Amino acid sequence: MRQLKNDTKLSNQIYHADSKFGPVRVYQNEDYRWLTFNNDPPLGSTLQGVMNKARPELLCVPIYQSMLLFLLAPVSELRILNLGLGTAAIERALKHIESSRRNLIDTFESVEINPDVISIAKQFFKLPSDHTVHLQCAQQFISQCTQQYDLIYIDIFSGEHHQTFIQSESFWHAINHCINKSGQAIINLNPKTGQELQTTLVLLRHYFNCIALIEFYEYKNIVLILSNLSLKHITVEAIQASTVMQSIAPNLHSNINTIYHIAAV
């Protein structure tokens, strides 16, 4: 994916919009199509998501592949919420997986604050036509939530930075209220310092008994899987041995550096 940084140039740009949240642009080369935000011009554009043009159902980046690790355990009739639409990668992948696994999903909704991102996901990134997207701030949606979900994805960035409410007690209290007792919250996190990560983990331990922290070899982002049930079954060895994961992300196990497990004593 590093090559895409070099290919993020005007000759490959196929769409741009100056939304009220900042510039959004779509690029493509022979193999991939990708979305960038540019909220900090001196630092250049920030890659927000990638789609394989020939196989749009594939998750191209290990970070997002690891967000499917709930499939290591038997699941069915899932109620899923995705906070942050981006390039609709999770939406495409789960739609494809559901086509071969009946009764996997009961409900799947996404929340996105930027109307331009929703339009781009529909026009350029094959967002499934029957998928429900709420045009709303994720924090506001969660604070007003009256349903409970089995999976809540949290992938909320402005450029390379998280929204500030990610560090808010009230946000995680609302998340905890909206998730089933056996459910999981899965967050794509980009801590800038070790202290920031430690502060986040201390906050999350107030709401979840078990945390799996996944580090990758070539990415500074980490993925946190949060639950009140044990997550010890999530290991590199289990990922490599899983026929499900081998079919949808055959190289994921080799891209993971370490999986740490943090559990209540």
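Since the model is a prediction, treat every value here as computed from it, not as a measurement. Numbers for residues simply follow the sequence, beginning at 1.
With 3.5 Å as the limit, one finds a donor-acceptor pair spanning the side chains of Glu169 and Tyr207. Residues Tyr32 and Asp7 have side chains that never bring a donor and an acceptor to within less than 3.5 angstrom of each other. Remark: the Gln195 side chain and the Thr199 side chain contain an N/O donor-acceptor pair separated by less than 3.5 Å. With hydrogens and angles left out, the side-chain atoms of Asn180 and Asp150 include a donor and acceptor closer than 3.5 Å.
Within the model, atoms CD of Glu109 and CD1 of Ile152 stand 10.5 Å from one another, a figure rounded to the nearest 0.5 Å. In this structure, the separation between CD1 on Ile156 and CG on Asn82 is 9.0 Å, given to the nearest 0.5 Å. Interatomic distance, CD of Gln198 versus CG of Leu203, reported as 12.5 Å (0.5 Å rounding). Here the straight-line distance linking atom OG1 of Thr146 with atom CD of Gln148 works out to 10.0 Å at 0.5 Å rounding. Remark: Ile239 CD1 to Asn251 CG distance equals 12.5 Å, nearest 0.5 Å.
A donor-acceptor pair under 3.5 Å links the side-chain atoms of Tyr153 to the main chain of Met67, judged by distance alone.
More than 12 heavy-atom neighbours from other residues, nucleotides or ligands sit within 6.0 angstrom of NE2 on His261. Taking a 6.0 Å sphere around CD of Glu77, one finds it holds more than 12 heavy atoms contributed by other residues, nucleotides or ligands. Other residues, nucleotides and ligands place no more than 12 heavy atoms under 6.0 Å from the NE2 atom of His177.
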Trace of the side chain to side chain contact (heavy atoms under 4.5 Å, CB included) decision for Ile175 with Leu226 | CA-CA 11 Å; Ile175 288 285; Leu226 318 170; over 6 Å; no

Where do Arg101 and Leu71 land on the side chain to side chain contact (heavy atoms under 4.5 Å, CB included) test, with the steps shown first?
-> CA-CA 11 Å; Arg101 293 190 59 173; Leu71 293 169; 3.4 Å; yes

Begin from the C-alpha positions of Leu85 and Asn114 and carry the test side chain to side chain contact (heavy atoms under 4.5 Å, CB included) through to its verdict.
-> CA-CA 9 Å; Leu85 179 65; Asn114 190 337; over 6 Å; no

How far apart are the C-alpha atoms of Leu68 and Leu252, what are their side-chain angles, what is the distance that settles it, and do they pass the side chain to side chain contact (heavy atoms under 4.5 Å, CB included) test?
-> CA-CA 11 Å; Leu68 299 181; Leu252 174 58; over 6 Å; no

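Between Phe165 and Phe171, the ring-plane angle classifies as tilted under the 30° and 60° cut-offs.
Contact of the Met51 side chain with the Gln28 side chain is not registered, since no non-hydrogen atoms from C-beta on lie closer than 4.5 Å.
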